[in-house]
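Shown next, in structure tokens, is the structure this report addresses.
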Amino acid sequence: MSNFRFDELMQDLGVSRSSNKKSQEPSKEDPSTRRPDMAGSGLGSELPNSTSSDPSVIRPGDALSELWTPEEHRESEGDLTSMALDRGFATSEQVESARRMESQSAGRSMRALLVDAGAEEIGIQSITAELSGLLFERIQHETGGFDSELLLKLGVDYCRERSAMPLRREGSRIVVGTTEPDDLFLLEDIKRRLGVAVLKHVIVTSTDIMEVIDSFGEHSAESINMSDLLADVEEEDEVQVKEKKDEGDDLEAEADSSPVVRYVNHIIQTAVKEGASDIHIEPGEETLKIRFRIDGMLFEMMSPPRKMHGALTSRIKIMANLDIAERRLPQDGRICVTVMGRRMDLRVSTIPTPGGEKTVMRILDTRSINVTLDDLGFSEDAFTTWQTQISQPHGIILVTGPTGSGKTTTLYSSIRQMDRRRLNISTVEDPIEYHLDGITQIQTHEMIGLTFSTALKSLLRQDPDVVLLGEVRDMDTATTAVQAALTGHLVLSTLHTNDAPSSVTRLINIGIEPFLVGAALNAILAQRLVRRTCPDCATAEPVPDELRDFLQTHGVHRDHLMRGVGCSKCRETGYAGRCGIYEMLVLDDFLRDRIASSPNVTEFRRLCIERGMSSLRDDGFAKVEQGVTSVEEVLRVTEATI
């Protein structure tokens with residue numbers, strides 16, 4: 001222990017020897033003014049116990065003097081807020097909001113409170129790093145700006161919960177990014193888990209860490225050897241004998257067997273990786289098909305042996321806490337899972353068929369609703385109009401369309417754009433598909449009398465500013481919604497109609513007086529989802545002569561249109577992803593007067609178009625001209641709106 005390579009050791013500790021080069025005398029600099037690497041190795045525990053004055057020998061006291069203490073280097077709250085204001089990373093309103101929350105948020109730093117109040121996280125973190133004497137870095141997850149081997153060793157869940165990320169190796173050191181500048185216990189724990197002596201600490205954003213974890217999960221899915229897995233399944237004859245017994249105990253034991261568990265995990269994992277919204281497990285007389293709904297279309301993805309059906313269904317029922325012995329009645333349940341590092345819910349539905357129970361699992365991934373209004377596909381005019389409407393203080397705004405047309409995504413994206421700190425926003429849903437922070441969400445339960453109508457009436461006594469109704473289903477719900485709108489509340493809801501003008505006649509048919517419909521309604525948005533042309537295989541193709549006149553009547557004047565020819569990334573379909581096409585109807589005084597006379601659907605739709613409403617098909621063909629989608633897609637989803 002007496003022969004130390006001083007320069008290398010001091011470099012590992014993050015202490016410069018520049019002062020020693022100027023003088024052979026030990027430095028008399030005040031240790032409290034130094035900024036050593038706060039993630040230095042086990043300081044003092046491995047150093048020689050020497051009293052020599054030789055500068056090449058490190059005394060325990062010298063090493064311990066380099067220890068960092070939170071009191072000495074914690075960023076000044078005043079400096080952080082003033083620098084954030086000066087550099088435009090936070091507004092005075094956000095700073096005041098953070099200060100109000102500080103007294104009620106024990107243990108939380110001003111940095112975290114500012115970010116929660118809406119300040120720019122990148123800017124706040126860069127100032128935090130500057131005040132702490134650390135480096136600030138952005139993690140480029142698209143180019144692999146992190147060490148996947150170290151991430152696996154540290155654990156995806158560990159990094160997610162503690163907002164830490166191993167970035168790279170630099171010689172004998174590992175560079176670790178965290179969101180906190182002063183959590184020494186976390187750094188020591190990371191060193192212990194990674195088995196290293198020295199870390200280099202940098203400041204990063206929690207957003208970058210979450211994006212890395214999500215992208216890492218997509219590319220690190222566990223691969224399953226299907227031949228080996230299916231080889232574990234028992235022979236057909238043996239399974240048939242067990243099925244004849246028709247005993248729940250046998251199915252439960254079979255469902256818990258390793259091959260079945262692994263196969264169900266493989267189904268769910270593959271569906272998430274492929275971006276599916278639903279999983280269909282469909283039994284036939286001789287076959288078993290597993291299909292995924294991807295971009296609104298069903299694709300057959302797997303065809304396991306028919307003998308696995310009972311065990312697969314029972315395994316899913318066990319996961320959803322359903323009765324595996326009941327196979328004559330439909331059942332509904334919910335599964336909470338973590339897939340590739342992402343937490344999500346699966347809404348399970350089983351129904352009896354002649355071939356056995358069919359199971360459908362709806363994948364509720366929060367990433368699907370974490371999109372801004374800018375990304376939904378609104379035209380510039382429709383986007384401006386919609387933003388104006390959701391900023392109104394009262395009235396009813398309806399989003400219409402069939403199941404799976406993106407109504408929930410549009411409403412959730414609209415709510416996420418509202419100021420949830422100043423507004424009391426409440427929802428009544430059946431079921432609650434996605435949980436939103438800062439919002440009161442109520443699940444209806446008709447068996448105990450908690451219907452949309454009764455829940456909405458109770459909510460109106462909770463001083464709401466904005467109320468989101470999952471659906472206007474009956475006269476009681478519609479009447480309460482109209483009353484809420486007329487008494488100063490903004491009500492957002494959905495309705496199942498083919499187009500926007502039909503919603504007016506639908507409300508009148510439900511039983512609402514026409515003059516009340518005209519007085520309460522502000523706007524109606526009809527929408528559909530069309531598949532986007534795959535950007536990786538899109539090519540410009542000439543417009544066929546027989547199609548040219550048809551396109552020109554819809555405002556498309558182009559000689560070439562973009563079409564996906566099919567590639568491995570889009571499963572040879574030519575499409576990847578979806579976007580919305582919209583029909584926006586804003587009611588003016590003229591239309592309100594006409595609604596009071598209870599017009600028929602055809603007449604009212606003609607009036608709306610004359611008043612400037614753009615139809616679903618018009619918006620769809622505008623996206624065809626832009627190369628976003630194809631003519632076939634627009635015709636497929638708008639056939640009923642002609």
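Residue numbers count from 1 along this sequence.
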**Study point:** Verdict with supporting geometry, Ile397 and Val491, side-chain contact (heavy atoms from CB on, under 4.5 Å)
**Key:** CA-CA 6 Å; Ile397 300 175; Val491 180; over 6 Å; no

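- Of all non-hydrogen atoms in Thr477 and Leu456, the two that sit nearest each other are O-CD2, 4.2 Å.
- With hydrogens and angles left out, the side-chain atoms of Arg617 and Thr638 include a donor and acceptor closer than 3.5 Å.
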Review point. What's the verdict on side-chain hydrogen bond (donor to acceptor under 3.5 Å, both in side chains) for Thr388 and Ser391, showing C-alpha distance, side-chain angles and the deciding distance?
Key: CA-CA 5 Å; Thr388 302; Ser391 301; over 6 Å; no

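- Annotation: side-chain hydrogen bond (donor to acceptor under 3.5 Å, both in side chains) contacts involving residues 344-354, sequence neighbours excluded, comprise Asp332-Ser349, Arg334-Asp345, Arg347-Glu433.
- With rounding to the nearest 0.5 Å, the separation of OG1 in Thr444 from CZ in Arg473 is 6.0 Å.
- There is no side-chain donor-acceptor pair under 3.5 Å between Thr479 and Asp476.
- Between Cys537 and Gly566 the shortest heavy-atom distance is SG-N, 3.3 Å.
- Residues Ile581 and Phe621 form no side-chain contact, since every pair of their non-hydrogen atoms from C-beta on lies 4.5 Å or further apart.
- Looking only at distances, no side-chain donor or acceptor of His489 sits under 3.5 Å from a matching main-chain atom of Gly395.
- The side-chain heavy atoms of Ser630 and Tyr575, taken from C-beta on, include a pair separated by under 4.5 Å.
- Residues Val504 and Leu591 are not in side-chain contact: their nearest non-hydrogen atoms beyond the backbone lie 4.5 Å or more apart.
- Under the salt bridge (charged side-chain N to carboxylate O under 4.0 Å, His left out) criterion, Glu380 pairs with no residue at all, not counting sequence neighbours.
- A heavy-atom distance below 4.5 Å is found between the side chains of Ile425 and Arg420.
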Review point. So Asp116 and Arg421, salt bridge (charged side-chain N to carboxylate O under 4.0 Å, His left out) or not? Walk me through it.
Key: CA-CA 10 Å; Asp116 287 348; Arg421 298 187 304 277; over 6 Å; no

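- Between the side chain of Glu583 and the backbone N or O of Ala500, at least one donor-acceptor pair lies under 3.5 Å.
- Taken to the nearest 0.5 Å, the CE atom of Met319 stands 4.5 Å off from the CD1 atom of Ile335.
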**Study point:** Evaluation steps, side-chain contact (heavy atoms from CB on, under 4.5 Å), between Ile508 and Ile512
**Key:** CA-CA 5 Å; Ile508 294 174; Ile512 306 301; over 6 Å; no

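- Taking all atoms of both residues into account, the shortest heavy-atom contact from Arg532 to Asp375 is NH2-O, 3.9 Å.
- Side-chain contact between Met584 and Ser614: absent, with no pair of heavy atoms (C-beta onward) separated by less than 4.5 Å.
- With salt bridges taken as basic N to acidic carboxylate O contacts below 4.0 Å, one links Glu93 and Arg422.
- The local environment of CG in Asp374 is crowded, with over 12 non-hydrogen atoms from other residues, nucleotides or ligands closer than 6.0 Å.
- The two residues Val428 and Ala455 make their nearest non-hydrogen contact at CG1-CB, 3.7 Å.
- Contact detail for Gly511 and Met475: the closest heavy-atom pair is O-CE, 3.6 Å.
- Of the N and O atoms on the side chains of Asp618 and Ser615, at least one donor lies less than 3.5 Å from an acceptor on the other residue.
- With contacts defined as side-chain heavy-atom distances shorter than 4.5 Å, the pair Leu585/Arg611 does not qualify.
- In summary, Arg594 and Glu603 engage in a salt bridge, as defined by a charged side-chain N under 4.0 Å from a carboxylate O.
- Comment: Arg592 does not engage Asp588 in a salt bridge, judged by the lack of any side-chain N to carboxylate O separation of less than 4.0 angstrom.
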Review point. Are Tyr582 and Phe383 close enough, and set up right, to give a ring pair (Phe, Tyr, Trp, His ring centres under 6.0 Å), and what steps lead you there?
Key: CA-CA 10 Å; Tyr582 301 96; Phe383 178 72; over 10 Å; no

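- No side-chain donor from either of Ser502 and Thr505 sits under 3.5 Å from a side-chain acceptor of the other.
- For the atom pair NE2 (His394) and OG1 (Thr487), the distance works out to 10.0 Å, reported to the nearest 0.5 Å.
- Trp386 and Thr410 are not linked by any side-chain donor-acceptor pair at a separation below 3.5 angstrom, with hydrogens and angles left out of the test.
- We find that Asp295 and Arg531 are not joined by a salt bridge, their nearest charged nitrogen and carboxylate oxygen being 4.0 Å or further apart.
- Here the CD1 atom belonging to Ile122 is positioned 7.5 Å from the OG1 atom belonging to Thr207, to the nearest 0.5 angstrom.
- Residue Glu357 forms a side chain to side chain donor-acceptor pair (under 3.5 Å) with just one option from Gln331, Lys317, Arg328, and that option is Lys317.
- Note that CZ of Phe292 is 6.5 Å distant from CD1 of Ile267, once rounded to the nearest 0.5 Å.
- One finds a salt bridge joining Arg563 and Glu632 here, because a Lys/Arg side-chain nitrogen approaches an Asp/Glu carboxylate oxygen to under 4.0 Å.
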Practice item. Show your reasoning for whether side-chain contact (heavy atoms from CB on, under 4.5 Å) applies to Asp278 and Ile363. Key: CA-CA 6 Å; Asp278 299 88; Ile363 301 174; over 6 Å; no

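- Between Glu300 and Arg291, none of the side-chain N atoms (NZ, or NE/NH1/NH2) sits under 4.0 Å from a carboxylate O, so this pair counts as no salt bridge.
- Looking only at side-chain heavy atoms (C-beta outward), Pro599 and Leu607 stay at 4.5 Å or farther from each other.
- Here the closest heavy-atom approach between residue Pro535 and residue Ala576 is recorded as CD-CB, 4.5 Å.
- A distance of 7.5 Å separates CD1 of Ile316 from CD1 of Ile279, quoted to the nearest 0.5 Å.
- Not a single salt bridge (charged side-chain N to carboxylate O under 4.0 Å, His left out) links Asp589 to another residue, sequence neighbours left out.
- Contact check for Leu398 versus Leu525: no side-chain heavy atoms found under the 4.5 Å cut-off.
- Checked for salt-bridge contact, Arg606 and Glu610 meet the test: a charged N lies under 4.0 Å from a carboxylate O.
- Arg571 forms a cation-pi arrangement with Phe299, by the criterion of a distance under 6.0 Å to the ring centre and an angle within 45° of the ring axis.
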Practice item. For Val472 and Ile510, run side-chain contact (heavy atoms from CB on, under 4.5 Å): C-alpha distance rounded to whole Å, both residues' side-chain angles, the deciding distance at 0.1 Å, then the answer. Key: CA-CA 10 Å; Val472 176; Ile510 285 178; 4.3 Å; yes

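- Residues Gln462 and Ser426 have side chains that never bring a donor and an acceptor to within less than 3.5 angstrom of each other.
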